[in-house]
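Notes follow once the structure below has been shown.
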Number of protein chains: 2
Amino acid sequence: MEEQFSQVASLIGDPVRAKILWALMDKRAYTATELAVYADTTPQNISMHLNKLVKADLLAVESQGRHKYYNYSRPEIAYAIEALASLLPKEEPKTAYTADEKPIRFCRSCYDHLAGKVGVTLTEALLKQAYIIKDADSFSVTAEGETWFDQFGINLEELKKQKRYFAKPCLDWSERKHHLAGALGAGLLNRMIEDGWVRRVNNSRAIIVTGKGEQRMMEHLKISLK
Amino acid sequence: MEEQFSQVASLIGDPVRAKILWALMDKRAYTATELAVYADTTPQNISMHLNKLVKADLLAVESQGRHKYYNYSRPEIAYAIEALASLLPKEEPKTAYTADEKPIRFCRSCYDHLAGKVGVTLTEALLKQAYIIKDADSFSVTAEGETWFDQFGINLEELKKQKRYFAKPCLDWSERKHHLAGALGAGLLNRMIEDGWVRRVNNSRAIIVTGKGEQRMMEHLKISLK
DNA sequence: TTCACACTTAATTCTAAAATGAAGTATCGA
DNA sequence: TCGATACTTCATTTTAGAATTAAGTGTGAA
């Protein structure tokens with residue numbers, strides 16, 4: 001028992017791994033390379049450390065193409081890190097915990113669904129309104145959700161027929177949080193473009209939210225984009 | 001910041017130090033030698049580790065003659081240890097956390113005041129009834145306490161004149177918790193012997209509680225010795 | 001299909017810090 | 001006052017595991 005306890009603690013205690021765990025405190029996922037830069041070490045080294053953390057079930061990985069996004073594997077990890085941090089000889093709080101909020105990131109479309117700040121916020125709103133719920137590895141639509149999507153002009157039956165994931169959580173590269181991908185995500189984006197909520201910027205992947213869109217999001221989902 | 005975080009974590013992460021911190025989870029103080037035995041290492045080594053923990057303000061020391069008793073320096077330490085323990089891959093709880101309660105330890109007098117199980121229980125009861133309160137480094141008697149001690153036949157003014165600490169917290173070697181020492185502790189023991197609450201066993205240091213004593217303790221201080 | 005990129009793996013080197021050995025010092029009990 | 005005990009200090013050795021070197025593999029874009 002103390003054996004395992006000691007193992008977990010020493011796992012956290014290495015300087016590089018401590019930095020990794022510290023960086024992840026902001027609840028966003030980071031790639032191996034980013035963490036290497038942050039911890040000021042080489043890719044090989046960070047790879048080794050990340051592996052140890054994953055094996056010990058302190059971190060979870062999510063592969064996205066040639067990237068790997070790392071995150072806490074479960075909420076207890078964050079609690080433990082905070083408990084440890086509370087032991088630090090406390091100095092002036094200074095600017096700590098002030099402006100975590102970065103300038104609003106651009107709204108981009110990830111392949112064909114809606115990602116970026118807007119995509120994440122939208123997904124969180126859908127979850128909050130209980131129109132969708134997140135299971136282990138996918139989203140599913142609730143009864144209320146079915147009504148809502150229907151009203152919005154989205155045919156769920158149609159989408160389900162498509163040869164692709166229906167509603168898959170996708171990790172956004174700028175927000176580092178999950179957003180709605182798969183057929184449902186794409187359908188939502190299409191419908192929003194059709195209805196003039198958002199607009200593509202001159203053929204690029206970038207997306208901007210229209211005034212109407214902002215208004216409607218507030219009406220339908222109580223979303224304020226600030 | 002991460003620097004300090006890493007330092008604290010690696011401090012906890014060493015196998016020997018992890019064992020020390022683990023042992024202290026039961027909220028009792030241990031001596032260096034005991035911890036050395038527990039952690040299966042040498043006195044020199046445990047001394048080195050204990051020093052590191054004290055310097056980092058994770059542990060506090062209390063010297064008692066040639067012994068040194070170690071304990072967490074503040075409650076946050078216990079929280080952090082528990083938070084870390086909660087990360088362990090959980091196996092069967094088995095017999096863990098079952099019978100922490102050891103067979104009742106013998107009631108001994110520590111120099112001339114009352115120590116052991118009874119001394120600690122008594123002190124805790126006095127605190128609970130708010131007859132005494134514990135400050136930084138000593139006990140002091142409250143207004144209600146003055147009345148109570150007076151009724152019990154203890155002259156506080158008399159005791160205060162003595163050339164010794166009036167009411168000092170003393171760490172008991174078997175219970176590993178603080179109990180009342182100094183003039184007040186001695187006075188209390190004397191009065192209890194006089195009044196037949198407790199009796200010395202054939203000139204040894206051992207003390208036994210009489211039937212009358214048990215009854216009176218319940219009456220006066222709501223103490224049940226089990 | 002080819003290159004660059006993101007990340008891995010394995011073998012080797014390096015190093016911080018844990019353990020040991022050989023002195024101490026302070027306290028208690030006889 | 002004289003051990004025995006509890007703990008410390010310092011100089012030296014040992015070692016676990018972090019970092020490095022030198023290959024890889026798999027993915028995406030041109």
Side-chain angles (χ1 to χ4, degrees), chain A residues 2-3 6-21 29-56 59-71 110-112 170-171 173 176 204-205, chain B residues 2-3 6-21 29-56 59-71 108-112 115 170-171 173 176 203-205:
Chain A
E2 311 101 79
E3 182 56 27
S6 153
Q7 279 170 15
V8 170
S10 73
L11 217 47
I12 300 175
D14 172 84
V16 169
R17 289 191 295 260
K19 279 195 179 178
I20 293 172
L21 292 164
Y30 287 89
T31 66
T33 304
E34 289 172 318
L35 290 169
V37 171
Y38 179 77
D40 190 31
T41 186
T42 60
Q44 306 94 291
N45 200 26
I46 211 83
S47 179
M48 185 263 299
H49 285 300
L50 287 169
N51 258 322
K52 290 193 175 185
L53 291 170
V54 170
K55 258 187 197 142
L59 295 190
V61 213
E62 194 149 336
S63 290
Q64 199 112 105
R66 51 183 169 176
H67 296 277
K68 282 193 171 182
Y69 285 88
Y70 289 88
N71 225 331
C110 175
Y111 302 98
D112 58 0
C170 174
L171 196 61
W173 69 258
R176 310 305 162 77
S204 84
R205 287 191 157 186
Chain B
E2 309 101 80
E3 182 57 26
S6 153
Q7 278 171 16
V8 170
S10 72
L11 217 47
I12 300 174
D14 172 85
V16 169
R17 288 191 297 259
K19 279 196 179 176
I20 293 173
L21 292 165
Y30 287 90
T31 66
T33 305
E34 288 172 318
L35 290 168
V37 171
Y38 180 78
D40 191 29
T41 185
T42 61
Q44 306 95 289
N45 201 26
I46 211 85
S47 179
M48 185 262 300
H49 285 300
L50 287 169
N51 258 321
K52 291 194 175 185
L53 290 170
V54 170
K55 258 187 197 143
L59 295 190
V61 213
E62 195 150 338
S63 289
Q64 198 110 104
R66 51 184 171 177
H67 297 277
K68 282 194 173 184
Y69 285 88
Y70 290 88
N71 225 331
R108 297 153 301 97
S109 79
C110 173
Y111 303 98
D112 57 359
C170 173
L171 196 62
W173 69 257
R176 311 306 163 77
N203 263 15
S204 85
R205 286 194 158 186

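Naming convention: chains lettered A, B, ... in sequence-line order (proteins, then strands); numbering from 1 in each chain.
For the pair B:Gln7 CD and C:dA17 P, the computed distance is 9 Å after rounding to whole Å. Across the protein-nucleic acid pair, A:Asn45 atom CG and D:dG17 atom C1' stand 11 Å apart, rounded to whole Å. Between A:Ile20 atom CD1 and D:dA18 atom C1' there is a gap of 12 Å when expressed in whole angstrom units. Taking atom NZ of B:Lys55 as the reference point, atom P of D:dT8 lies 11 Å away to the nearest angstrom. One can place CG of B:Asp40 at 12 Å from C1' of C:dA19, the figure rounded to the nearest angstrom. What separates CG of A:Asn51 from P of D:dA18 is a distance of 13 Å, to the nearest Å. Atom CD of A:Glu3 and atom C1' of D:dA16 are 14 Å apart (whole Å). The CD atom of A:Glu34 sits 14 Å away from the C1' atom of C:dC5 (whole-angstrom rounding).
Residues A:Glu34 and A:Val37 fail the side-chain proximity criterion, which asks for heavy atoms closer than 4.5 Å.
When the side-chain nitrogen and oxygen atoms of B:Lys52 are compared with OP1 and OP2 of C:dA18, one or more of them lie within a distance under 4.0 Å.
In this structure a side-chain-to-backbone donor-acceptor pair under 3.5 Å is missing from A:Ser10 to A:Gly13.
A donor-acceptor pair shorter than 3.5 Å cannot be found between the side chains of A:Gln44 and A:Ser47.
With distances taken from any side-chain atom of B:His67 to the nucleotides C:dT20, D:dC7, D:dA18, the minimum falls on D:dC7. Among the nucleotides C:dC28, C:dT9, C:dA18, the one closest to the side chain of B:Arg66 is C:dC28. When distances run from any side-chain atom of B:Ser47 to the nucleotides C:dA19, D:dT8, C:dT9, the shortest one goes to D:dT8. Comparing C:dA18, D:dC7, D:dA18 by their nearest atom to the side chain of B:His49 picks out C:dA18. Nearest nucleotide to the B:Lys68 side chain, out of C:dT8, C:dA19, D:dT8: D:dT8. Here the side chain of A:Pro43 is nearest to one of C:dT8, C:dT20, D:dT8, namely C:dT8.
Between A:Gln44 and B:Arg17, the residue whose closest nucleotide on DNA chain C is further toward the 5' end is A:Gln44. Comparing A:Pro15 and B:Ile46, the nucleotide of DNA chain D nearest to each residue sits closer to the 5' end for B:Ile46.
Between atom CG of residue B:Leu11 and atom NE2 of residue B:His49 there is a gap of 10.0 Å, rounded to the nearest 0.5 Å.
Tested against A:Tyr70, the residues A:Leu35, A:Leu53, A:Ile20 include a single side-chain contact (heavy atoms from CB on, under 4.5 Å) partner, A:Leu35.
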